[in-house]
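Predicted, not measured: the structure shown is a model, and the values here were computed from it.
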Amino acid sequence: MSISVPVHIFNLIRSAILVAAAMMLIVAPQAARALEPISVPLDIEALDITNAIDMHRDAGTRLQVSTAPGADGIVRRIEVPSRSGENTNWAVFALANTSDEQVDRLIVAPNYKFVGSDLFWPDLGSSRIASITPSQGIAPSRQKSLEADVFLVTLDPGSVVTFVAELTTPNLPEIRVWEPDVYKETVNAYSLYRGIILGISGLLALFLTILFVVKGTVMFPATAALAWSVLAYLCIDFGFWGMVFKLEGGSSQLARASAEVMLAASLIIFLYAYLNLNRWNIHYSHLALTTLILLLGLLGVAVWDPSIAAGIARLSLGIIGLLGFVTIAVLAYQHYDRAILLIPTWCLLIAWLIGAAMTVTGRLSNDIVQPALGGGLVLIVLLIGFTVMQHAFAGGALAQGLISDVERKALALTGAGDIIWDWDIDRDKIYTGNEVEDLLNLKHGTLEGPARDWLEILHPQDRDRFRATLDAVIDQRRGKIQQTFRLRSEDGHFRWFRLRARPIVGADGEVIRCVGTMLDVTEERTAEERLLHDAVHDNLTGLPNRELFVDRLQTSVVRAQAEETTKPTVLVINLDRFKQVNDSIGLSAGDSILLTVARRLGRLIGQQDTLGRLSSDQYGLVLLSENEPDRIVALADALRKAVRAPITFSDREIFLTCSVGISFFEGGKQAVEDMLTNAEIALNHAKRLGGDRQEVYRPILRPLGKNIVDLEADLREAIKKETLGVFFQPIIRLEDQAIAGFEVLARWNHPKRGKISPAEFIPIAEQSGLINDLGMYMLDKGASQLAFWQREFPMPRPLFTSVNLSSRQLLKQDLINDVKAILSRNSLEVGTLKLELTESLVMSNPEYSAKVLERLRSLGAGLSLDDFGTGHSSLSYLQRFPFDTIKIDQAFVKPDGSAARPVLLRTIVAMGHDLGMSVVAEGAESENDALELFQLGCQYAQGFYFGEAVSAAEATKMLRKMPVAEAASA
């Protein structure tokens, strides 16, 4: 039965359907276009559909999509609600079964994918798919898996099914369609590989920990920490950690980030400890400690945001790798063994870091990359372990400290450098090794034999003592040997050895061995003998010094008192004018003269006599070879003649004389000090008589000797009470024969002894330290007198005075202040108070002298170089010092018939003028001398021809009487 429908009604219904469909499209904005189905062939085991899915992020709580066209070509629509009821991310894909068989497949989405996880803010993994809804057929069932979201789907023959997956994360790094059996086999294969890697890593970490316990140095715990960090990282990466602790969601991300942080931290700890960086530079320690603190601080960041912590840790690994490579290269260049051994392992680490960087950035995306990187990490730790074990076992038991007490003593003996000495008494055989024989250049085996063989090479003085010591130890069965003896070498020389040994007693109470050590102490004994020799001998001449001289004199006196056969005589020899010679030629030349004199004197005395050096230029002689007074006096004369012979130094000859004081042994209980004092008294008397003579002590001379102390006290009193005479020798201007100035000289008229020459009291002042007071006394008196003359006798060229300075005054710290005070008290023309210094005095300390002279010149004092031409460096240092006057020594002024004298004199005068200095000549004794000096251009002269030193009153009269020629103003 058919029912007819009017045509207009049919058209109306069709229009309504079209309008309704259009309304549904408008109401459902989430709807998507129809998908292209992905064919699932039967012969393909796995199909990657990651790039073929449609992502719908933040698509709401419901998703409406168009299905892929079925076999009939019809596109249907499905709507899927969110199970969580929140704004959800979705993934839509379609699978097509083009075969005639039903197909079962697994849809797999890994929770974590190292490939493409990114360097910064990396994706640390999570569950990816909450559920999957098909457009038709049976709903996919979730399979149990800790590493991925796995769903089993069934595709009917010829069907096309659209799947809507509700996601738990915005990203879906990978999704694949697997044949179930193939997937199971793949998982099992990877599980086996991971198990092997984890087993190796665990055993390695355990072994390194045990090694740390055994060894105990800081390098091994650092290596063990690195191994445990790698093991922890692999456990998390392989999913083993999740199986044990059931980590899910945020917990797994925190664990993975913490593992990467600890990996970076343990690597920097290992690098610091293994290379022992604190040994090289403290900055290494600061850098390592700072980096470690920052890395460990990332653990706190990981709790807040694991992605940030993991990103920083990955970047830190790369930086540590590069900086570590640079550090290793620098230390290897410095031949540091540890750095050299670490180069291959660190190169492998750099390659691993490059591969890991390429993997996380997606440039390497092979399935085998992630497992291979895990295996490479274990290989790196394995190589590091081998490198560390080389240090652990390189020294065997010694390096590990696993030695017994006996071995420790043997090592200490080796370190001390002592030689083993072992005497087997039963076999009468001594063993010392080859060290002693090598030291003595003896044939090996010479000293390995009976103890009596040692007697042949022992020093004769040590043989009896050596034999007695060994016999005593054997007889007494106790004690110890501690002896120093000498052994003869092949060339006949002896070396000193110190033996320390103890006896070893056997079960029967008898000594069976003597064991100890020998040590070569030749250098120590030589040093001791040298010290003993230097303590009682003069360093310059090698003669006995005063202490040893007195000791030998004491021995001679005691022997003479006991035997009354020999009578010692003491001679004290002193060089005349040696101080002046020493000042003029220099200290080094003076030392050569002293040494020459000592050798000349030594040739004239007998073997039983003792020649010593008592002071700088004074020698003493204990004479035992001669007893007759006439012969003793003749020997003293021979000694003087030996000294009088000229001494050649460089290109000049030096003539010296000496004075000799003689003291005979008077018998009885005469003291040694009295004999030496008597000889010195006689010597002083010889010097007072002009020197170059010998004097025998007589009792009448003793008061003169005792007066030296009194003379010193009197001189001190004279300076204090200003009774010491101040005299002035005129200095004449040659062009007009007028008095230009004076040289200030000291004269002493003793109230009891009368006039005492400066040659006698000046040395006393120098020895007693009064020379400073004497110098300031003369300077003050000369300055005040000059101020008076300049006021009384004004002239265009003002008068000047010259005052001598001694070496002690120049070295005195207060000299500048004293001169400044004197100049301030007296109104003097600048440069008219001239300070005279000898050339040798200035050259004794040129740097200090230059500074002092500059200060004195700046104060307004004039500076005069005395005795010019007799020193040793005048020309080279003349411009260095601020002298304004030079005084030519009288040796160049006195006629001697030499043709060179006028030439030298003319040269000195011309040089002085060229340097802008005034020239004063000393020693003008005649009119011819004065005329010659004037013709040569010398400006000033002084000497007996122009007058001797006079008092201030007489000098004033001379100024009043002598016409002073008018001269142009300076």
key: D181: partners by salt bridge (charged side-chain N to carboxylate O under 4.0 Å, His left out), with sequence neighbours left out   = none
key: T169 side chain to N171 side chain, donor-acceptor N/O pair below 3.5 angstrom   = no
query = Can you check whether L447's main-chain N or O pairs, donor with acceptor, with E437's side chain at less than 3.5 Å?
reply = yes
note = Value for CD1 (I350) from CG (L322), rounded to nearest 0.5 Å, stands at 5.0 Å
ask   = If we ignore angles and hydrogens, is there a donor and acceptor under 3.5 Å between the side chains of T446 and E448?
value = no
remark   = Between I53 and I49, the two heavy atoms sitting closest are CG2-O, 3.3 Å
query = At their closest point, which heavy atom of L198 faces which heavy atom of L231, and how far apart are they?
reply = O-CD1, 3.9 Å
remark   = Sorted by chain and residue number, the side chain to side chain donor-acceptor pair (under 3.5 Å) partners of R502 (sequence neighbours excluded) come out as none
message = What I want to find out is whether E174 reaches R128 closely enough, with some N-O distance under 4.0 Å, to be called a salt bridge.
response = no
key: Verdict with reasoning, F93 to I175, per side-chain contact (heavy atoms from CB on, under 4.5 Å)   = CA-CA 11 Å; F93 58 93; I175 184 170; 4.1 Å; yes
query = Would you say E166's side chain and R83's backbone share a donor-acceptor pair under 3.5 angstrom?
reply = yes
inquiry  = Is any side-chain heavy atom of L267 closer than 4.5 Å to one of L349?
reply    = yes
query = If we only count heavy atoms from C-beta on, is the R513 to I425 side-chain gap below 4.5 Å?
reply = no
task = Identify the two heavy atoms, one from A109 and one from I129, that lie closest to each other, and give their separation to 0.1 Å.
result = CB-CD1, 3.7 Å
inquiry  = Has S316 got a side-chain atom pairing as donor or acceptor with I312's backbone, closer than 3.5 angstrom?
reply    = yes
ask   = Which atom pair, heavy atoms only, marks the closest approach of G355 to L373?
value = C-CD2, 4.3 Å
inquiry  = For E45, I'd like to know if atom CD has over 12 heavy atoms of other residues, nucleotides or ligands within 6.0 Å.
reply    = no
query = If we only count heavy atoms from C-beta on, is the V515 to W421 side-chain gap below 4.5 Å?
reply = no
message = Donor-acceptor check, side chain of D48 to backbone of R176, threshold 3.5 angstrom: yes or no?
response = no
ask   = Once you round to the nearest 0.5 Å, how far does CZ of R495 lie from OG1 of T522?
value = 4.0 Å
request  = State which residues pass side chain to side chain donor-acceptor pair (under 3.5 Å) with D438; sequence neighbours excluded, sorted by chain then number.
outcome  = H444
inquiry  = Would the distance check show the side chain of W423 and the main-chain N or O of Y431 forming a donor-acceptor pair, the cut-off being under 3.5 Å?
reply    = no
inquiry  = Any non-hydrogen side-chain atom of T88 less than 4.5 Å from a side-chain atom of T168?
reply    = no
D104 side chain near V153 side chain, heavy-atom distance below 4.5 Å = no
ask   = Of all heavy-atom pairs between A148 and V108, which one has the smallest distance, and what is that distance?
value = CB-CG1, 3.8 Å
query = Would you call R142 and V150 a side-chain contact if the rule is heavy atoms closer than 4.5 Å?
reply = no
ask   = Residues in side chain to side chain donor-acceptor pair (under 3.5 Å) with W228, at least two apart?
value = T209
inquiry  = Hydrogens and angles aside, do S127 and N111 bring a side-chain donor and acceptor to less than 3.5 Å of each other?
reply    = no
request  = Using the test side chain to side chain donor-acceptor pair (under 3.5 Å), find all partners of N434 that sit at least two apart in sequence or belong to another chain.
outcome  = none
task = Among residues two or more places apart or on two chains, list those pairs meeting ring-ring contact (aromatic ring centres under 6.0 Å, His included) that have a residue in residues 181-206.
result = W178-Y183
key: Distance-minimising heavy-atom pair for I512 and D424   = O-OD1, 3.8 Å
task = For residues L440 and F497, determine if any side-chain heavy atom of one lies less than 4.5 Å from a side-chain heavy atom of the other.
result = yes
ask   = Is there a side-chain contact between L263 and L377 (heavy atoms, below 4.5 Å)?
value = yes
